[in-house]
Protein chains: 2
Amino acid sequence: MNLTLDRISSVPLYAQIHGEIRRQIEANQLRAGAAVPSERELAEICKVSRMTARQALNALKNEGFVYQERGIGTFVAKRKLDVHTRNLIGFTEEMRGRGLTPSTKILLARREKAAQEVAQELGIETEDEVFHFQRLRLADDSPLAFEDAFLPVKHFPDLDTKNLENESLYKILETDYGVAMRRAEEILEATCASKEIARALAIKPKSALLIVHRVVFSESNLAVESVRTFYRADRYRATFVLTKNAV
Amino acid sequence: MNLTLDRISSVPLYAQIHGEIRRQIEANQLRAGAAVPSERELAEICKVSRMTARQALNALKNEGFVYQERGIGTFVAKRKLDVHTRNLIGFTEEMRGRGLTPSTKILLARREKAAQEVAQELGIETEDEVFHFQRLRLADDSPLAFEDAFLPVKHFPDLDTKNLENESLYKILETDYGVAMRRAEEILEATCASKEIARALAIKPKSALLIVHRVVFSESNLAVESVRTFYRADRYRATFVLTKNAV
DNA sequence: ATGACTTGGTGGACTAGACCACTTATAGAA
DNA sequence: TTCTATAAGTGGTCTAGTCCACCAAGTCAT
């Protein structure tokens with residue numbers, strides 16, 4: 001276990017430790033079942049206090065990368081299902097993580113008055129304007145999902161002039177508007193494809209679709225986006241890791 | 001904000017604080033947007049150190065109940081979607097949380113040799129035995145889901161003699177075998193109902209179904225259960241809260 | 001050989017501080 | 001009146017400990 005920390009960096013020490021161990025697990029340098037340094041050992045290695053080392057291990061535990069047993073130690077957890085931790089990331093990052101090449105075709109991009117449901121989800125008034133984007137999402141140049149997204153105009157002026165086809169939306173929000181994502185609420189449901197969506201996704205009508213309805217919140221708890229994504233069920237499965245007592 | 005802690009109890013102080021604030025939020029005594037006591041205030045109120053108060057607030061933040069802004073304070077988060085936090089709970093608890101009355105009809109309960117996929121998911125050998133349960137799950141006496149579950153025999157001897165129709169499986173595992181759930185991996189996908197499942201769920205063939213494939217792990221990282229649940233899409237939607245940096 | 005006890009290591013909980021970057025309100029100077 | 005510096009409060013990070021329950025392995029007496 002070699003771990004060198006950058007004490008000048010603005011990245012917190014616990015985040016550096018967490019990131020390095022996670023990287024080693026994902027690179028299979030630390031294999032499933034292998035012991036991770038104990039909290040005291042890790043603190044000694046990194047020259048930090050035990051609480052800091054503990055914070056790093058705790059994050060790994062909450063993400064399902066390791067498990068801890070009192071009196072025994074900390075170990076790398078086995079992944080049983082093919083879980084690409086569905087963290088709070090955008091389509092672009094998710095597809096790259098799965099080893100696919102994402103691309104996007106914009107079908108609609110306009111401003112409009114917020115419909116009541118959308119206004120309520122975004123915490124704005126119905127007379128407020130929203131950007132309405134409809135996008136066809138492709139993976140390796142083949143249709144994967146149809147997306148219907150709404151964002152409040154007042155927080156993101158000129159968003160419609162940005163390069164949405166090639167840049168990740170979440171990255172634009174962060175770099176151009178300084179708004180970082182922090183939390184999302186999701187509802188997943190199954191349905192059968194309507195004729196319009198079936199045509200857009202190049203599948204037969206009544207094929208199964210997975211609908212992911214997501215409302216995304218920023219660090220300061222602004223509702224940033226309300227989006228419904230209609231995934232082709234034959235090409236997409238959503239994966240999650242649940243933990244009890246995420247303390 | 002009144003908060004009385006039981007210092008004799010084996011429940012950790014941070015968990016008591018967390019539970020009490022969560023209860024107040026869920027009972028709407030703390031409304032969306034309302035300020036929660038600051039970390040230092042909370043520590044003062046409860047006569048604990050700031051780190052302990054912080055741990056309680058951190059858990060609430062990770063669950064999406066509150067958000068924190070540096071320099072400002074801690075506030076109750078608005079729920080936009082109708083999110084019943086899909087924590088790591090069983091069918092029985094989940095339905096009760098949604099205000100429905102759960103019931104179960106056992107269609108199959110037997111021991112068998114583990115199929116290869118199941119053995120791999122549970123981390124056992126193919127010659128090992130598993131319990132194989134098929135259950136029809138009802139909510140308010142109407143079919144909601146069909147469930148196909150596998151559990152390793154060696155960890156739960158005589159499980160098939162327990163009262164599975166009326167008791168929560170997870171509760172039995174905890175009280176009778178001392179095995180508490182800690183983590184689960186889930187894959188969600190959409191499909192169309194086969195004839196058999198359609199008949200069991202009293203829907204038309206080719207209706208949409210939501211399949212939740214879950215592998216559950218105990219505190220000591222034993223794979224405890226591998227289960228596929230086929231939900232009627234017209235009666236069930238899965239909800240999640242995602243957070244970035246669950247530290 | 002077997003069983004009881006000790007020892008050292010582990011994670012879990014908790015304390016009482018520290019410094020930092022950030023925000024807001026306020027008091028004083030222009 | 002307007003601007004600016006300051007002070008107080010907030011969450012974020014970090015330290016250097018403490019005590020506890022638990023587990024494994026070795027020791028020692030039976």
Side-chain angles (χ1 to χ4, degrees), chain A residues 5-19 21 34-62 66-77 178 180 182-183 218-221 243-247, chain B residues 5-19 21 34-62 66-77 178 180 182-183 218-221 243-247:
Chain A
L5 302 186
D6 178 0
R7 286 186 173 263
I8 314 293
S9 161
S10 65
V11 179
L13 299 177
Y14 73 84
Q16 292 182 42
I17 300 171
H18 165 266
I21 297 180
V36 169
S38 76
E39 298 180 349
R40 287 169 181 85
E41 274 175 23
L42 197 56
E44 175 58 29
I45 294 172
C46 301
K47 305 295 178 203
V48 298
S49 77
R50 186 181 155 207
M51 285 296 280
T52 301
R54 186 175 167 78
Q55 199 173 355
L57 293 178
N58 221 31
L60 289 167
K61 182 165 66 174
N62 285 336
V66 304
Y67 64 97
Q68 294 186 300
E69 279 191 273
R70 179 190 302 211
I72 315 277
T74 304
F75 306 93
V76 179
R182 161 77 198 180
R183 190 178 118 238
S218 71
E219 297 281 358
S220 52
N221 207 43
T243 52
K244 207 163 190 171
N245 306 326
V247 175
Chain B
L5 302 186
D6 178 359
R7 285 185 174 263
I8 315 293
S9 161
S10 66
V11 178
L13 299 176
Y14 74 84
Q16 293 183 43
I17 300 171
H18 166 266
I21 297 180
V36 169
S38 75
E39 298 180 351
R40 287 170 181 85
E41 274 175 24
L42 197 56
E44 176 58 29
I45 294 172
C46 301
K47 305 294 180 204
V48 297
S49 76
R50 186 182 155 208
M51 287 296 279
T52 301
R54 185 175 167 78
Q55 199 173 355
L57 292 178
N58 221 30
L60 290 166
K61 183 165 65 174
N62 285 336
V66 304
Y67 64 97
Q68 294 186 300
E69 281 191 273
R70 178 189 303 212
I72 316 276
T74 304
F75 306 93
V76 179
R182 160 77 198 179
R183 191 177 118 238
S218 72
E219 297 281 356
S220 53
N221 206 43
T243 51
K244 206 163 190 172
N245 305 326
V247 174

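In this text, all values refer to a predicted model and were calculated from it rather than measured experimentally. Chain naming here is simple, since letters A, B, ... match the order of the sequence lines and numbering starts at 1 in each.
- Residue A:Q16 comes nearest to A:V11 through the heavy atom pair NE2-O, 2.9 Å, listed as atom of the first residue, atom of the second, then distance.
- The CZ atom of A:R7 sits 12 Å away from the C1' atom of D:dT13 (whole-angstrom rounding).
- Heavy-atom minimum distance, B:L57 versus B:V66: O-CG2, 4.0 Å.
- Residues A:H18 and A:A59 come closest through the heavy atom pair CD2-CB, 3.6 Å.
- One can place CZ of B:R50 at 18 Å from C1' of C:dA13, the figure rounded to the nearest angstrom.
- Residues A:I21 and A:L42 meet the side-chain proximity criterion, which asks for heavy atoms closer than 4.5 Å.
- Rounded to whole angstrom, the span from the CD atom of A:E69 across to the C1' atom of C:dG9 amounts to 14 Å.
- Taking only side-chain atoms of B:R54, from C-beta outward, the nucleotide of C:dG11, D:dG11, C:dT23 with the closest atom is D:dG11.
- Look at OH on A:Y14: it is 7 Å from C1' on D:dG12, rounded to the nearest Å.
- Nearest-nucleotide positions on DNA chain D place A:T52 closer to the 5' end than the other of A:G71 and A:T52.
- The side chain of B:K47 places no N or O atom within less than 4.0 Å of a non-bridging phosphate oxygen (OP1 or OP2) of C:dA16.
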side-chain contact (heavy atoms from CB on, under 4.5 Å) evaluation trace for B:K61 with B:T243 | CA-CA 9 Å; B:K61 183 165 65 174; B:T243 51; over 6 Å; no
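- Considering only side-chain atoms of B:E39, the nucleotide from D:dG12, D:dA16, D:dC14 that sits closest is D:dG12.
- At a threshold of 4.5 Å between non-hydrogen side-chain atoms, the residues A:L60 and A:V36 do not count as touching.
- Closest to the A:Q68 side chain, of the nucleotides C:dG12, C:dA21, D:dT15, is C:dG12.
- Both key distances under 3.5 Å define a Watson-Crick or G-U pair, and stretches of 3 or more such consecutive pairs in DNA chain C run C:1-30 with D:1-30.
- Atom P of nucleotide D:dG11 and atom CG of B:L60 are separated by 13 Å, given to the nearest angstrom.
- Atom-to-atom, CZ of B:R70 to P of D:dG11 comes out at 11 Å; the value is rounded to the nearest Å.
- Checking the phosphate oxygens (OP1, OP2) of C:dT10, a side-chain nitrogen or oxygen of A:S38 falls inside 4.0 Å.
- Along DNA chain D, the nucleotide closest to B:I72 and the one closest to A:P12 are compared, and the more 5′ of them pairs with B:I72.
- Atom pair A:L13:CG and D:dG12:P shows a separation of 16 Å (rounding to whole Å applied).
- Here the C1' atom of nucleotide C:dG9 and the CG atom of A:L42 are 16 Å apart, to the nearest Å.
- Of the candidates D:dA16, D:dA21, C:dC19, the closest approach to any side-chain atom of A:M51 belongs to D:dA16.
- Distance from the side chain of A:R40 is smallest to C:dG11 among D:dT10, C:dG11, D:dA16.
- B:T74 has a side-chain polar atom (N or O) that falls below the 4.0 Å cut-off from OP1 or OP2 of D:dG11.
- From B:R182, atom CZ reaches atom OH of A:Y67 across 13.0 Å, with rounding to the nearest 0.5 Å.
- Of all heavy-atom pairs spanning A:R7 and A:C46, the tightest one is NH2-O, 3.4 Å.
- Looking at heavy-atom distances under 4.0 Å, B:L57 makes no contact with the nucleic acid at all.
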